[in-house]
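FYI, side chains are in, hydrogens and waters are out, and symmetry mates aren't considered; it's all heavy atoms of this structure.
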Amino acid sequence: ALAWTAELHLERGEGHVAQERAEAMITLCSEQGFSQFLGWGTVLRGAALIRQEQWTEGIAQVRQGLEMWAVEILKESFLVWLARGYGGAGQIDEGLAAVAEALRLVEKNDERFYEAEVYRIKGKLTLEQLKINNAKLKITDTHPQATNPQIEAEAEACFLKAIDIARKQQAQSLELRATMSLARLWQQQGKHAEARQMLAEIYGWFTEGFDTKDLQEAKGLIEELSD
């Protein structure tokens, strides 16, 4: 129960509350000798820290939990949090490696509940890699930012695949998240109308939860795209 409430708060973007649930889970597992669930709790604590942008400690906690987790079930979602942490810390190659392992497990075990998010994070990391490459060029006003249509197309394909998977699973929260990632890319490409229409459609599906992080960000992005 503590594990799943922590997972729920993570998905709602409530890192601090998720951390509290994970800490309670770790305490219980330590007291009762539940070594397997202790690994899950450690991953969740790391994910909660990553949600709060405490990248280094979050990565360390997720890695520690993964080492304690002796089975492959749920591992794809753990690897997604590891990839998110690496992305936040600017360690893009490590993040993409975690995504690749998650996708391998998706296909091996046919465990697809978080598949859409795996592809979304892959797309985000792909774009971050492009940003880092541009930064290395020491871009100035007289040296405009380089773009790589092939890399952007690769990221776009990841976002579209994430949206398609989420729709087939009727996982509207994951669809919203993937659509926001795609809308931000289209915004950079000047395709404001297309981005707004697509995002507004999925946003309009929701009838509650408007205080959650994703829906608040979606509303703000729709307003940006309307200007």
Side-chain angles (χ1 to χ4, degrees), residues 1-89 91 94-95 97-121 124 165-166 169-177 206 208-217:
L2 288 167
W4 290 118
T5 52
E7 294 273 9
L8 178 61
H9 287 293
L10 281 172
E11 294 303 319
R12 285 174 53 90
E14 298 161 350
H16 181 70
V17 181
Q19 185 178 349
E20 290 179 350
R21 300 295 184 273
E23 296 283 2
M25 179 183 179
I26 289 169
T27 298
L28 179 64
C29 291
S30 298
E31 291 173 351
Q32 301 298 325
F34 300 151
S35 58
Q36 182 72 3
F37 286 98
L38 182 60
W40 189 2
T42 304
V43 168
L44 290 172
R45 179 165 59 186
L49 291 170
I50 288 168
R51 179 62 87 180
Q52 297 171 78
E53 300 186 359
Q54 298 179 39
W55 311 120
T56 302
E57 181 60 24
I59 290 169
Q61 288 287 300
V62 173
R63 286 174 59 90
Q64 181 181 342
L66 279 166
E67 290 175 2
M68 301 163 67
W69 190 247
V71 296
E72 291 186 344
I73 187 172
L74 298 178
K75 194 173 180 181
E76 68 175 87
S77 63
F78 298 171
L79 287 165
V80 168
W81 280 106
L82 183 61
R84 283 175 173 151
Y86 279 134
Q91 299 172 256
E94 291 86 346
V99 165
E101 176 63 9
L103 288 173
R104 185 188 72 82
L105 292 175
V106 165
E107 295 304 322
K108 177 186 175 185
N109 300 323
D110 200 30
E111 185 179 16
R112 301 184 182 275
F113 77 95
Y114 222 44
E115 185 181 13
E117 190 69 351
V118 178
Y119 278 103
R120 187 185 77 86
I121 296 299
K124 285 195 66 176
I165 292 167
Q169 295 177 344
Q170 298 183 28
Q172 280 83 5
S173 290
L174 296 184
E175 182 184 347
L176 175 70
R177 205 174 286 172
F206 291 87
E208 61 180 351
F210 295 106
D211 60 332
T212 57
K213 182 178 176 65
D214 284 343
L215 283 168
Q216 287 178 345
E217 289 185 1

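- Here the shortest heavy-atom pairing between E208 and L215 reads O-CD1, 3.5 Å.
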Problem set entry | side chain to side chain contact (heavy atoms under 4.5 Å, CB included) between R51 and K213, intermediate numbers included | CA-CA 11 Å; R51 179 62 87 180; K213 182 178 176 65; 4.1 Å; yes

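- Summarising the geometry, atom CD belonging to Q64 is positioned 8.5 Å from atom CD belonging to E57; distances are rounded to the nearest 0.5 Å.
- For the pair Y119/L103, a side-chain contact is recorded, criterion being any heavy-atom separation below 4.5 Å from C-beta on.
- Between the CD atom of E217 and the OG1 atom of T212 there is a distance of 9.5 Å, given to the nearest 0.5 Å.
- Across all their heavy atoms, W55 and G88 have their closest contact at NE1-O, 3.4 Å.
- Listed here is the closest heavy atom pair of A83 and G95: CB-O, 3.6 Å.
- A 4.5 Å side-chain heavy-atom check between L38 and M68 finds at least one atom pair inside the cut-off.
- For the atom pair L49 CG and T56 OG1, the distance stands at 10.5 Å (nearest 0.5 Å).
- The structure places CD of Q19 at 6.5 Å from CD of Q54, a figure rounded to the nearest 0.5 Å.
- In the displayed structure, F206 atom CZ is contacted under 6.0 Å by more than 12 heavy atoms of other residues, nucleotides or ligands.
- We find that R45 and E20 are not joined by a salt bridge, their nearest charged nitrogen and carboxylate oxygen being 4.0 Å or further apart.
- Closest approach of A22 to A6, counting heavy atoms only: N-CB, 4.2 Å.
- With a 4.5 Å cut-off on side-chain heavy atoms, V71 and Q36 count as touching.
- Between W4 and W40, the ring planes lie perpendicular to each other; the angle is over 60°, past the 30° to 60° tilted range.
- In this structure the side chain of R177 reaches within 4.5 angstrom of the side chain of E11, judged on heavy atoms.
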Problem set entry | Candidate pair L79 and V99, rule side chain to side chain contact (heavy atoms under 4.5 Å, CB included), full reasoning | CA-CA 7 Å; L79 287 165; V99 165; over 6 Å; no

For this session: With side chain to side chain contact (heavy atoms under 4.5 Å, CB included) as the test, would you mind laying out the steps for W81 and Y114 before giving the verdict?
Result: CA-CA 11 Å; W81 280 106; Y114 222 44; 4.2 Å; yes

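- Side chains of Q216 and F210 form no contact here, defined as non-hydrogen atoms less than 4.5 Å apart.
- Across all their heavy atoms, L174 and A166 have their closest contact at C-CB, 4.0 Å.
- For the atom pair CG of L74 and CG of N109, the computed distance is 11.0 Å after rounding to the nearest 0.5 Å.
- The closest side-chain heavy-atom distance from R21 to L44 is not below 4.5 Å.
- Across all non-hydrogen atoms, the minimal contact from A102 to V118 is CB-CG1, 4.1 Å.
- One distance of note links OG1 of T5 with CE of M25; it measures 9.0 Å at 0.5 Å rounding.
- Within the 4.5 Å cutoff, the side chain of E111 has no heavy atoms near those of the L105 side chain.
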For this session: Take R12 and E7 through the test side chain to side chain contact (heavy atoms under 4.5 Å, CB included) and record every step on the way to the result.
Result: CA-CA 9 Å; R12 285 174 53 90; E7 294 273 9; over 6 Å; no

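- Between E76 and K108 there is no salt bridge, since no side-chain N of the basic residue sits under 4.0 Å from a carboxylate O of the acidic one.
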